[in-house]
Amino acid sequence: MNDGVDDRVEIVELARAESERGELVLRERRPASGPASLELRANGVFVMDTLEVSSERAMATAALALVEEPRAVVVGGLGLGYTMHEVLADSRVERCAVVEIEPALVEWMRSGLVPHGPALLADDRVGVVVADVAVALAEARPASYDLVLLDVDNGPGYLVHEANATLYQAPALASARAVLRPGGALVVWSAAEAPDLLDALRAVFGAAEELPQQVRLQERDEAYWLYVARA
């Protein structure tokens with residue numbers, strides 16, 4: 001039955017890039033009725049879009065509330081910029097390092113293919129590092145950050161690339177611990193419970209906690225988890 005709403009959607013490819021990790025595509029969805037939205041896909045798999053960004057914002061808001069003075073923050077994973085946007089909205093943040101492995105994604109943000117990208121990256125507090133976040137953390141100066149947010153995947157059970165599995169294991173978690181100042185925290189966002197990650201965090205940090213988060217997505221209540229370990 002047709003209720004009178006035109007549900008046709010035009011899909012327009014805005015950009016495509018190839019790397020050793022595969023294919024990255026930025027698309028625009030243009031419905032016959034309603035606003036257009038951007039969609040990011042990696043090797044044909046949906047990563048995120050601009051239609052529903054509640055989870056990215058919720059992660060940053062919840063993480064920032066865990067640290068008294070989050071002056072220097074690392075965001076692992078640029079995505080379409082919404083986690084970073086929420087971090088920058090906090091006046092306590094003086095420096096935000098965004099680590100993104102795909103140079104094409106950074107360029108799409110800078111060029112304005114992602115419309116809010118240029119303004120976000122022009123913020124004086126932002127520094128973009130094009131690298132594997134595990135490598136960037138291993139090479140960072142010890143005790144130089146107050147908060148590390150890992151938003152590279154949707155948790156260890158939903159990897160964008162299989163190689164990302166090492167990010168949730170002891171060596172990479174130890175690198176994250178080393179860059180934290182006393183009182184700082186590592187926060188990992190996950191779409192599902194991740195008991196192995198919790199065990200790994202406890203092994204590295206001595207203690208860790210699993211904090212359920214309720215997020216409203218397109219009129220549905222969804223459960224996510226924050227995995228938190230403190231320096």
Side-chain angles (χ1 to χ4, degrees), residues 21-27 29 37-67 73-87 89 98-102 105 109 114 132-134 136-137 147-170 172-173 176 185-205 207-230:
R21 289 163 298 279
E23 181 183 75
L24 193 68
V25 176
L26 182 68
R27 312 194 310 181
R29 296 173 58 86
S37 62
L38 296 181
E39 179 181 280
L40 185 65
R41 287 181 169 262
N43 295 323
V45 177
F46 175 86
V47 176
M48 68 170 298
D49 63 19
T50 57
L51 189 63
E52 182 50 78
V53 297
S54 299
S55 62
E56 288 83 5
R57 288 176 166 161
M59 178 198 183
T61 301
L64 289 160
L66 296 170
V67 178
V73 179
V74 176
V75 176
L78 174 60
L80 294 175
Y82 287 94
T83 302
M84 176 178 65
H85 179 275
E86 208 67 20
V87 168
V98 182
V99 184
E100 172 55 51
I101 198 169
E102 298 290 356
L105 184 52
M109 291 284 285
V114 180
D132 184 320
V133 67
L137 290 173
L147 185 61
V148 175
L149 305 182
L150 293 185
D151 195 21
V152 175
D153 308 287
N154 221 339
Y158 298 90
L159 302 177
V160 175
H161 304 292
E162 288 302 317
N164 289 356
T166 59
L167 188 57
Y168 308 100
Q169 296 168 5
L173 298 177
L186 166 65
V187 180
V188 183
W189 182 259
S190 182
E193 290 182 272
D196 290 345
L197 172 60
L198 186 61
D199 289 344
L201 286 168
R202 285 172 173 164
V204 170
F205 285 82
E209 56 186 328
E210 178 185 71
L211 304 177
Q213 302 288 312
Q214 297 299 318
V215 178
R216 188 78 173 167
L217 296 178
Q218 298 182 9
E219 307 305 317
R220 304 186 316 273
D221 289 321
E222 299 283 353
Y224 287 82
W225 284 263
L226 286 182
Y227 286 87
V228 179
R230 302 173 188 274

Undergrad: Does Leu167 form a side-chain contact (heavy atoms from CB on, under 4.5 Å) with Val188? I'd like the steps, not just the answer.
TA: CA-CA 10 Å; Leu167 188 57; Val188 183; over 6 Å; no
Undergrad: If we only count heavy atoms from C-beta on, is the Leu211 to Leu66 side-chain gap below 4.5 Å?
TA: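 With C-beta onward as the side chain, the pair touches.
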Undergrad: If I compare all heavy atoms of Leu201 with all of Tyr227, which pair ends up nearest, and what's the gap?
TA: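 The pair with the smallest heavy-atom distance is CD1-CB, 3.8 Å.
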Undergrad: List the residues meeting ring-ring contact (aromatic ring centres under 6.0 Å, His included) with Phe205, not counting sequence neighbours, and say none if there are none.
TA: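 Phe205 satisfies ring-ring contact (aromatic ring centres under 6.0 Å, His included) with no other residue.
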Undergrad: Under the salt bridge (Lys or Arg N to Asp or Glu O under 4.0 Å) rule, collect the residues that match up with Glu56, sequence neighbours excluded.
TA: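 Glu56 satisfies salt bridge (Lys or Arg N to Asp or Glu O under 4.0 Å) with no other residue.
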Undergrad: Is there a side-chain contact (heavy atoms from CB on, under 4.5 Å) between Leu105 and Leu40? Walk through the geometry before answering.
TA: CA-CA 9 Å; Leu105 184 52; Leu40 185 65; 4.1 Å; yes
Undergrad: With sequence neighbours left out, write down each residue that passes side chain to side chain contact (heavy atoms under 4.5 Å, CB included) with Ile101, or none if nothing qualifies.
TA: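 Partners of Ile101 by the side chain to side chain contact (heavy atoms under 4.5 Å, CB included) criterion, ordered by chain and then number, come out as Arg21, Asp132.
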Undergrad: How close do Glu86 and Ala60 get, counting heavy atoms only, and between which atoms?
TA: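 The answer is CB-CB, 3.5 Å.
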Undergrad: How long is the straight-line distance from CG of Leu186 back to CZ of Arg230, given to the nearest 0.5 Å?
TA: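 Between atom CZ of Arg230 and atom CG of Leu186 there are 11.0 Å.
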Undergrad: Just how far is it from atom OH of Tyr224 to atom CD of Gln214, taken to the nearest 0.5 Å?
TA: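 So the gap between those two atoms works out to 11.0 Å.
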Undergrad: What's the verdict on side-chain contact (heavy atoms from CB on, under 4.5 Å) for Val148 and Leu150, showing C-alpha distance, side-chain angles and the deciding distance?
TA: CA-CA 7 Å; Val148 175; Leu150 293 185; 4.2 Å; yes
Undergrad: For Gly22 and Asn43, which heavy atoms make the closest approach, and how far apart are they?
TA: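 Minimum heavy-atom contact is CA-OD1, 3.2 Å.
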Undergrad: What pairs with Glu39 under side chain to side chain contact (heavy atoms under 4.5 Å, CB included), at least two apart in sequence or on another chain?
TA: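 Result, side chain to side chain contact (heavy atoms under 4.5 Å, CB included) vs Glu39: Arg27, Arg29, Arg41, Phe46, Asp49.
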Undergrad: Which atoms form the tightest heavy-atom contact between Ala229 and Ala208, and what is the distance?
TA: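 What the structure gives for the nearest pair is CB-CB, 4.2 Å.
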Undergrad: Please name the pair of heavy atoms, one in Leu226 and one in Ala62, separated by the smallest distance, quoted to 0.1 Å.
TA: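 Looks like CD1-CB, 3.4 Å.
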Undergrad: Please list, chain by chain and in numerical order, all residues satisfying side chain to side chain contact (heavy atoms under 4.5 Å, CB included) with Ala58, sequence neighbours excluded.
TA: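 Applying side chain to side chain contact (heavy atoms under 4.5 Å, CB included) to Ala58 gives Trp189, Val215.
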Undergrad: Please enumerate all residues that pass salt bridge (Lys or Arg N to Asp or Glu O under 4.0 Å) together with Glu210, with sequence neighbours excluded.
TA: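 Residues passing salt bridge (Lys or Arg N to Asp or Glu O under 4.0 Å) with Glu210: none at all.
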Undergrad: Looking at Val67 and Ala185, what are the two nearest heavy atoms and their distance?
TA: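 Smallest interatomic distance, heavy atoms only, reads CG2-CB, 3.9 Å.
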Undergrad: Between side-chain atoms of residues 155-165 and protein atoms elsewhere (two or more places apart, or another chain), which donor-acceptor pairs fall under 3.5 Å?
TA:
unit_1, atom_1, unit_2, atom_2, d
Asn164, ND2, Asp153, OD1, 2.8
Asn164, ND2, Asp153, OD2, 3.4

Undergrad: Looking at residues at least two apart in the chain, or sitting in another chain, which of them share a salt bridge (Lys or Arg N to Asp or Glu O under 4.0 Å) with Glu193?
TA: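 With neighbours one apart ignored, the set is empty.
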Undergrad: According to side chain to side chain contact (heavy atoms under 4.5 Å, CB included), who are the partners of Ala203, at least two apart in sequence or on a separate chain?
TA: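 Testing Ala203 for side chain to side chain contact (heavy atoms under 4.5 Å, CB included), a comparison that skips the adjacent residues, returns none.
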Undergrad: Which residues satisfy the side-chain hydrogen bond (donor to acceptor under 3.5 Å, both in side chains) test with Thr83, sequence neighbours excluded?
TA: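 Partners of Thr83 under the side-chain hydrogen bond (donor to acceptor under 3.5 Å, both in side chains) test: Asp151.
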